[in-house]
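Here the structure comes first, spelled out in C-alpha cells, and everything after it is commentary.
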Amino acid sequence: MLQVQFIRDNKEEVIKRLKVRNIDASSLIGQVIVLDEERRSLQTKLDNTLAESNKLSKEIGAHFKSGAIDKANALKAQTGELKEASKTYNEQLNEKTEALTALLYQIPNVPHPSVPDGKSDEDNEEIYKEGDVPTLHGDALPHWELAKKYDIIDFDLGAKITGAGFPVYKGKGARLQRALIAYFLDKNTQAGYKEYQVPHMVNEASGYGTGQLPDKEGQMYHVGADDLYLIPTAEVPVTNFFRDEILNEADFPICCTAYTPCFRREAGSYGAHVRGLNRLHQFDKVEIVRVEHPDNSYKAFDGMLEHVKEILRELKLPFRILRLCGGDLTFTAALTFDFEVYSTAQERWLEISSVSNFENYQANRLKLRYKDENGRSVLAHTLNGSSLALPRVLAGILENCQTPEGIKIPEVLVPYTGFDMIS
RNA sequence: GGAGAAAUGGCAGAGUGGUCGAAUGCGGCAGUCUUGAAAACUGUUGAGGGUCACACCUCCGGGGGUUCGAAUCCCUCUUUCUCCGCCA
C-alpha cells in the first residue's frame, strides 16, 4: 500500500498519476487525509491521557512505599476516569486506524511516469520485438492437437483425477517440463539469483504481505481446515521471506529464484482462449524476485528484462515486449513489461513472462526496510518476474518447432531432455 | 496425536508486580592510544507513533484479561525444544 506520508505530501501528483489507471482517486485520497488527521489527533489525546495515568501510578507507588496509604488511595480514585477515557480513545483510535488501512488497501500503486494511458490490453505499447516467425508446413497444428498426437500431455486424464485445467504430462512431455525447469533455474543461478525451494502453501499474513489478500481472495485455493492458501506464484512465499525485516544497505541486491507449481482458481475464465495450455489451474513457473535499494530498482528492472530476453533468444522463440498501459497494470505494480511469445499455429501472442517493479508498495505492506547511511529505516523496493512460466513456453515450442517429422527440441534444451525430437 | 518445558534487544542471557525499554557479555559504530593494524580503554548502539525540535506514548512471540501499576499474574493462540506414539 501507499504510505500515508507520501499521499499527504504528494496529494495532487498521486491523484493525477492514478488517473492513468482510469480511476478517480480524489475522493479516496481526500478521505485518507482526513482519516489520518483524525487518527493522529486521537493518538495525541490517548497519549496525553496515558501520560497522566502513568504519572499517577508512579505517585501511587511512591506513596505506598513511604506508607502514605491515604494519599495513595485518594489518587487511586482519580485513575478510574482516566482509564475510561483512555479506553474510549483507544477504541476510537482502533476504528480510525482500521478504516484508514481499509482505505489504503483500496488504492492501487501509483504508476511510473512512463506508463501510457489506456483501458485494456489493446492499449499496451509494443516496445521491442525479436525473432522470426517460422513458416510452418501445411498441416501445422495447435499445441493441444500436438499434445494428443504425440501423447505427451493428457488433459482428459487430468480432468478425470482432478478436474479441468489440471493436465497430466506424460513421457517426453514430462521430461520436457523437467528440462525446462532445470534450464531456467540454471540460467537464473548463473545470473546471480540464489535458488530456493519453498512451501507451496502460505498463511494469511503472507497473503496480505504481497497483496493477494484481502482483495483477490477468491483467486487462491484455500485449505480451510488449516487456514492455508495454495500459492498462486512463488512470488508470495519468496517475497514474504523479507516480511518485517530491516536490511542493511550492504545486503543489496537480493536476488532469488524458485521453481514452484502455481495454483489459480481463475474463476469465470472459459472459452477458446483458455484452451489447452493457455490457461490452467495448476502450472509450473520459475520466478525471479529482487529486493533492491530504491536508487537501483529501475536499473535492476532493466537487468531482469535483459535476462528474460536472453533466455527467449536461446530458445529461439519469436517474442515481443509490451509496456502495460494504466488500465492493464496490476494493482500493486508501478511498472510492468509483459513478454509474449508468438504462437504460429494459433496465430496469436501468448504471455509468458511479466516483469514488474512494485517500488515500495509491497514493501510498505511487508514492512520491508533497510537502514540508510543516516541510520533511518527506509522502505526497500521489490521486483519480480517470471523466468519463465512453463505452459506457454511449452505451447510455443510445440507449435513453433513442429515439423512434418515431429517436434524439434531447441538446441539449448537437448542436454536437459536427452532427446532432440518428439515424434 | 499424548505428556512436559520454553519464547526478552543483532546474538547470548539476567530480570517473577512499581524507580525496567529492560542488567551483563559478545557483536556493531565512534573515539583515545598506534606509522598502520590488533589489544586495551572511553563513549555509543532496538522498533513504531508523535513533534520544527523536545516532551510524550506504544512495543519483552500474537491476542485478550486482572491491577492504580504487568516483561513479571491469569486465559488463549502460535512457534520451538525434550520424551512417547505414528510415519515418507
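Within every chain, numbering begins at 1; the chains are lettered A, B, ... in the order of the sequence lines, protein sequences first and strands thereafter. No experiment lies behind these values; they were computed from the predicted model shown.
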Can you sort out the partners of A:D338 under salt bridge (Lys or Arg N to Asp or Glu O under 4.0 Å), two or more places apart, ordered by chain and number?
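Expected list: none.
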Counterpart residues, salt bridge (Lys or Arg N to Asp or Glu O under 4.0 Å), relative to A:E359 (two or more places apart)
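Counting only residues at least two positions away or on another chain, A:E359 forms no salt bridge (Lys or Arg N to Asp or Glu O under 4.0 Å).
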Show every side chain to side chain donor-acceptor pair (under 3.5 Å) that has at least one partner inside residues 384-396 of chain A, sequence neighbours left out.
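Checked against side chain to side chain donor-acceptor pair (under 3.5 Å) - neighbours excluded - the pairs reaching residues 384-396 of chain A are A:N188-A:S387, A:E235-A:N384.
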Would you mind reading off the distance between [X] atom [atom1] and [N] atom [atom2], rounded to a whole angstrom?
X      : N     : atom1 : atom2 : result
A:N73  : B:G69 : CG    : P     : 14 Å
A:D251 : B:G10 : CG    : C1'   : 12 Å
A:N248 : B:C29 : CG    : C1'   : 12 Å

Counter-base of [N], judged by Watson-Crick or G-U geometry with both distances under 3.5 Å:
N     : answer
B:U80 : B:A5
B:C52 : none
B:U44 : B:G28
B:U34 : none
B:U66 : none
B:A23 : none
B:A88 : none

Show the distances under 3.5 angstrom between N or O atoms of the protein and N or O atoms of nucleotides 64-67 of chain B.
none

A:Y169: which of A:Q177, A:R175, A:R178 passes side-chain contact (heavy atoms from CB on, under 4.5 Å)
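Answer after filtering A:Q177, A:R175, A:R178: A:Q177.
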Any salt bridge linking A:K170 with A:D151? Criterion: basic side-chain nitrogen under 4.0 Å from a carboxylate oxygen.
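So A:K170 pairs with A:D151 through a salt bridge.
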Would you say the ring centroid of A:Y193 lies under 6.0 angstrom from that of A:H307?
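Aromatic pair counts; centres sit under 6.0 Å.
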Quick one: which residue pairs count as a ring-ring contact (aromatic ring centres under 6.0 Å, His included) with a foot in residues 42-94 of chain A, not counting sequence neighbours?
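Counting only pairs at least two positions apart or across chains, no ring-ring contact (aromatic ring centres under 6.0 Å, His included) contact touches residues 42-94 of chain A.
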Just checking, A:K172 and A:F419: is the charged tip under 6.0 Å from the six-membered ring centre and within 45° of the axis?
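Because its charged atom sits under 6.0 Å from the ring centre and within 45° of the axis, A:K172 does stack over A:F419.
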Any base atoms under 4.0 Å from A:S57, or only sugar-phosphate, or nothing? Heavy atoms, all strands.
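Base, at least one base atom sits under 4.0 Å.
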Where along nucleotides 48-63 of chain B does protein come under 4.0 Å, by heavy atom, of base (B) or sugar-phosphate alone (S), with - for untouched nucleotides?
SBSS----SSS-----
Do the side-chain N and O atoms of A:Q362 and A:N109 include a donor-acceptor pair separated by under 3.5 angstrom?
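On atom types as modelled, these side chains do not qualify, holding no pair under 3.5 Å.
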